[in-house]
Amino acid sequence: MATLALIVDGVVVQHFELNTPKTLIGRAADNQVRIDDLAVSSHHARVERIPNNYLEGIYDYFLQDLNSTNGTLVNGSKVERVQLQPNDEIRIGWNTFKLMDDTRPGMEQTAYILPGGD
Amino acid sequence: MSTKRFEACVCTDIGRVRTRNEDCGDVWLGSSASRALAMVADGMGGHPGGDHASRSALDRTALAADAGLPGRRPVEWLRQMVLDANRAVRSEQIRTPSHARMATTMVALLATGSSVAVAHLGDSRAYRLRDTRLTQLTTDHTVAQAMLDEGTYRPEDLARSPYRHVLTAGLGLEDEPEPVVARHRSLPGDLYLLCSDGLSNAIPDGEIAEILRDQATLATTATSLIAAANAAGGPDNITVALVRRLY
């Protein structure tokens, strides 16, 4: 299960589960991740959960900025839409989040998919 | 006629991080250099026997080359050669149980007359430098590339994708793989590069193009490419094979 962890002073203060295809982040009441911060737009950003068609049981998470006033930053860079990686630092207004995903294997070395599963 | 149509060169290096070179590559010139064959195979890291897999593919290619490079039907010949190489890897898997999961990429190029045929499985690449322009002739068989093709990714997502190194095709994965084989028209002066991802992941295409554009001897070009990948950290084994059409 992947979660969006809200971090304050380096400490996780809250987990938001990313268990639906779309998770809305913003100041308005209808967001799944509601942030009470004037620097956050009413509908600020969205996390899309997309099942990977090639890797069984793996979900990919894409962060989409929804034309927010102050922008969405990932690892310090302003983004429109990016695939989130574990431990990416997401800045929305004055808030910092991290994607926590314990289901994803490390893939820095070359690996391959066996046709028809293994 | 004694004038050579093609010249070719191959170079491989362990890189600066790995303790073993699991890459293989070689080049062959046939019929007084009127034909050329080149291949690069990258045994898959993290699996026992990766070096054996690429070596099997190389040995099978050498066998085909020694029997004579064909003047006609290059696409069919090349496809058959890759399938034979796959069979060789599969046989080796059965013979040596500890290598049952070994696998390798393969890219091969056959130049005859005024055409080149290119076949590949995996993420080893073929490039062509024509005049000053570098063109990638192969499309990586990776999950990242597949996600780009299906529209999940935009081009800018590729560089950050965790699936850049997750292959969807290779030798040793199934009995009847489907290598992508394409035929391109060649022109005098064309320079073809086959390489493992130890080169293409280490340095950007622009830097590869710059080195190829130097018009040095093939041996100098090959060592410059490897030196550039090592200067960028040499994270993986690096293999380059070069074929130039002279006239």
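The figures that follow rest on heavy atoms only: side chains count, while hydrogens, waters and symmetry mates do not. The chains referred to below are lettered A, B, ... by the order of the sequence lines, with proteins before strands, and numbering in each begins at 1.
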Worked verdict on Val166(B) versus Tyr54(A) for side-chain contact (heavy atoms from CB on, under 4.5 Å): CA-CA 10 Å; Val166(B) 185; Tyr54(A) 307 91; over 6 Å; no
Residue Glu80(A) excluded, over 12 heavy atoms near CD under 6.0 Å: no
Minimum side-chain heavy-atom gap Arg81(A)-Asp157(B) below 4.5 Å: yes
Within 6.0 angstrom of Asp149(B) CG, more than 12 heavy atoms from elsewhere: yes
Side-chain donor/acceptor of Gln85(A) to backbone N/O of Arg160(B), under 3.5 Å: yes
Interchain contact, Glu156(B) with chain A, by part (heavy-atom threshold 4.5 Å): neither
Under 4.5 Å from a heavy atom of chain A, the part of Thr105(B) involved: neither
Any Met147(B) side-chain heavy atom under 4.5 Å of Asn52(A) side chain: yes
Arg128(B) atom CZ, neighbour heavy-atom count above 12 within 6.0 Å: yes
Asn67(A) atom CG: more than 12 heavy-atom contacts under 6.0 Å: no
